[in-house]
Amino acid sequence: QVRLVESGGGSVQAGGSLRLSCASSERTLRTHTIGWFRQAPGKGREFVAALSWSGSDSAYSNSVKGRFTISRDNAWNAVSLQMNSLRPEDTAVYYCAAERTVRVHTEDSAYDFWGQGTQVTVSS
């Protein structure tokens, strides 16, 4: 059973940092690509970053490239999204998602399992 639990959201000033966590089982993290998506009010779900289970392949949206980093811990407990230099336009509910594949995809339709989301609010 695939279960994904996001945490780490909160409110920060522009320029600040947050670290989000997507906790799951070792079985899931050893067999699934993990992606991060976000959704702001009135907007569709937007791709943020993704990481293959091997850690050898990753992808970032142009809007977060150079500011966000996706990684997996060595205990196979979670995939994290380190967010630096946050901007007000980063405000959204952030979701992690899983796809049983060796590749990384940027389309939300490619992912089969989703977490409950965690709110990130960046004030100017």
Side-chain angles (χ1 to χ4, degrees):
Q1 185 71 38
V2 174
R3 183 181 179 186
L4 307 169
V5 180
E6 302 99 329
S7 62
S11 298
V12 297
Q13 295 287 329
S17 297
L18 285 172
R19 188 176 182 88
L20 305 183
S21 175
C22 177
S24 191
S25 70
E26 181 176 346
R27 173 71 65 85
T28 295
L29 296 180
R30 285 185 183 273
T31 57
H32 288 66
T33 287
I34 302 297
W36 282 97
F37 294 80
R38 64 189 183 186
Q39 187 167 22
K43 297 184 180 297
R45 192 161 291 175
E46 177 189 11
F47 172 76
V48 177
L51 182 70
S52 68
W53 60 262
S54 68
S56 61
D57 295 312
S58 62
Y60 297 90
S61 70
N62 289 331
S63 63
V64 308
K65 191 173 299 181
R67 299 188 296 123
F68 293 8
T69 302
I70 188 170
S71 63
R72 188 193 68 240
D73 69 25
N74 291 329
W76 297 93
N77 293 322
V79 170
S80 296
L81 184 70
Q82 178 66 44
M83 306 186 296
N84 298 326
S85 301
L86 284 163
R87 306 165 181 169
E89 52 264 42
D90 294 319
T91 295
V93 176
Y94 283 70
Y95 299 89
C96 66
E99 178 192 7
R100 193 179 183 93
T101 180
V102 298
R103 299 183 178 274
V104 295
H105 295 115
T106 61
E107 303 85 2
D108 57 353
S109 60
Y111 292 82
D112 302 308
F113 309 100
W114 294 81
Q116 84 288 350
T118 186
Q119 177 71 48
V120 171
T121 302
V122 185
S123 59
S124 60

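Atom set for the values below is all heavy atoms of this structure, side chains included, hydrogens, waters and symmetry mates excluded.
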Note to self: Please list all pairs meeting salt bridge (Lys or Arg N to Asp or Glu O under 4.0 Å) that have one or both residues in residues 106-124, counting only residues at least two apart or in different chains.
What the structure shows: none

Notebook entry, point to check: Where is the tightest heavy-atom contact between Thr33 and Ser52, given as atom of each residue plus distance?
Noted result: OG1-CA, 3.7 Å

Checklist line | Heavy-atom pair of closest approach, residues Ile34 and Ala98 | finding: CD1-CB, 3.9 Å

Next item on the list: Please name all residues satisfying side-chain contact (heavy atoms from CB on, under 4.5 Å) with Ser25, sequence neighbours left out, ordered by chain then number.
Entry: Arg27, Thr28

Margin query: For His105 versus Ala110, what's the shortest heavy-atom pair and its separation?
Written below: CB-CB, 3.9 Å

Next item on the list: Taking all non-hydrogen atoms of both residues into account, name the closest pair between Ala78 and Leu29 and its distance.
Entry: N-CD1, 3.4 Å

Note to self: According to side-chain hydrogen bond (donor to acceptor under 3.5 Å, both in side chains), who are the partners of Ser123, at least two apart in sequence or on a separate chain?
What the structure shows: Gln13

Item checked: Partners passing side-chain hydrogen bond (donor to acceptor under 3.5 Å, both in side chains) against Ser61 (at least two apart in sequence or in another chain) -> Ser63

Next item on the list: For residues Leu86 and Val12, report the shortest heavy-atom separation together with the two atoms involved.
Entry: CD1-CG2, 3.6 Å

Checklist line | Leu20 vs Met83 side-chain heavy atoms within contact, under 4.5 Å | finding: yes

Next item on the list: Applying side-chain contact (heavy atoms from CB on, under 4.5 Å), run through Gln119 and Thr91 and close with a yes or a no.
Entry: CA-CA 8 Å; Gln119 177 71 48; Thr91 295; 4.1 Å; yes

Next item on the list: Using the disulfide bond (SG atoms under 2.5 Å apart) rule, collect all pairs that involve residues 11-119, keeping only residues at least two apart or in two chains.
Entry: Cys22-Cys96

Checklist line | Nearest-0.5 Å distance, CG of residue Leu18 to CD of residue Gln82 | finding: 8.5 Å

Next item on the list: State which residues pass side-chain contact (heavy atoms from CB on, under 4.5 Å) with Ser124; sequence neighbours excluded, sorted by chain then number.
Entry: Pro88

Check: Could you walk me through whether His32 and Glu99 pass the side-chain contact (heavy atoms from CB on, under 4.5 Å) check?
Finding: CA-CA 5 Å; His32 288 66; Glu99 178 192 7; 5.5 Å; no

Item checked: Minimum heavy-atom distance between Asn84 and Ser17, given as atom pair plus value -> OD1-OG, 2.9 Å

Next item on the list: Please name all residues satisfying side-chain hydrogen bond (donor to acceptor under 3.5 Å, both in side chains) with Ser56, sequence neighbours left out, ordered by chain then number.
Entry: Ser54

Check: Which distance, rounded to the nearest 0.5 Å, do you find between the CD of Gln116 and the CG of Leu4?
Finding: 9.0 Å

Next item on the list: Identify, with sequence neighbours excluded, every residue that meets side-chain contact (heavy atoms from CB on, under 4.5 Å) alongside Glu26.
Entry: Arg30, Trp76

Check: Is Val5 isolated, or which residues cluster with it under the ILVMFWY side-chain rule of less than 4.5 Å, directly or via members?
Finding: none

Check: Are Leu81 and Val120 in one and the same hydrophobic cluster, where Ile, Leu, Val, Met, Phe, Trp and Tyr link if side-chain heavy atoms are under 4.5 Å apart?
Finding: yes

Next item on the list: Quick one: pull up CG in Asp73 and OG in Ser21 and give me the separation to the nearest 0.5 Å.
Entry: 7.5 Å

Next item on the list: Provide the full list of ring pair (Phe, Tyr, Trp, His ring centres under 6.0 Å) pairs with a residue in residues 35-75, sequence neighbours left out, each pair given once.
Entry: Phe37-Phe47, Phe37-Tyr111, Phe37-Trp114

Next item on the list: With sequence neighbours excluded, tell me which residues meet side-chain contact (heavy atoms from CB on, under 4.5 Å) with Ser71.
Entry: Arg19, Ser80

Check: salt bridge (Lys or Arg N to Asp or Glu O under 4.0 Å): which pairs involve residues 36-58, sequence neighbours left out?
Finding: Arg38-Glu46, Arg38-Asp90

Check: Are Tyr95 and Val64 in one and the same hydrophobic cluster, where Ile, Leu, Val, Met, Phe, Trp and Tyr link if side-chain heavy atoms are under 4.5 Å apart?
Finding: no

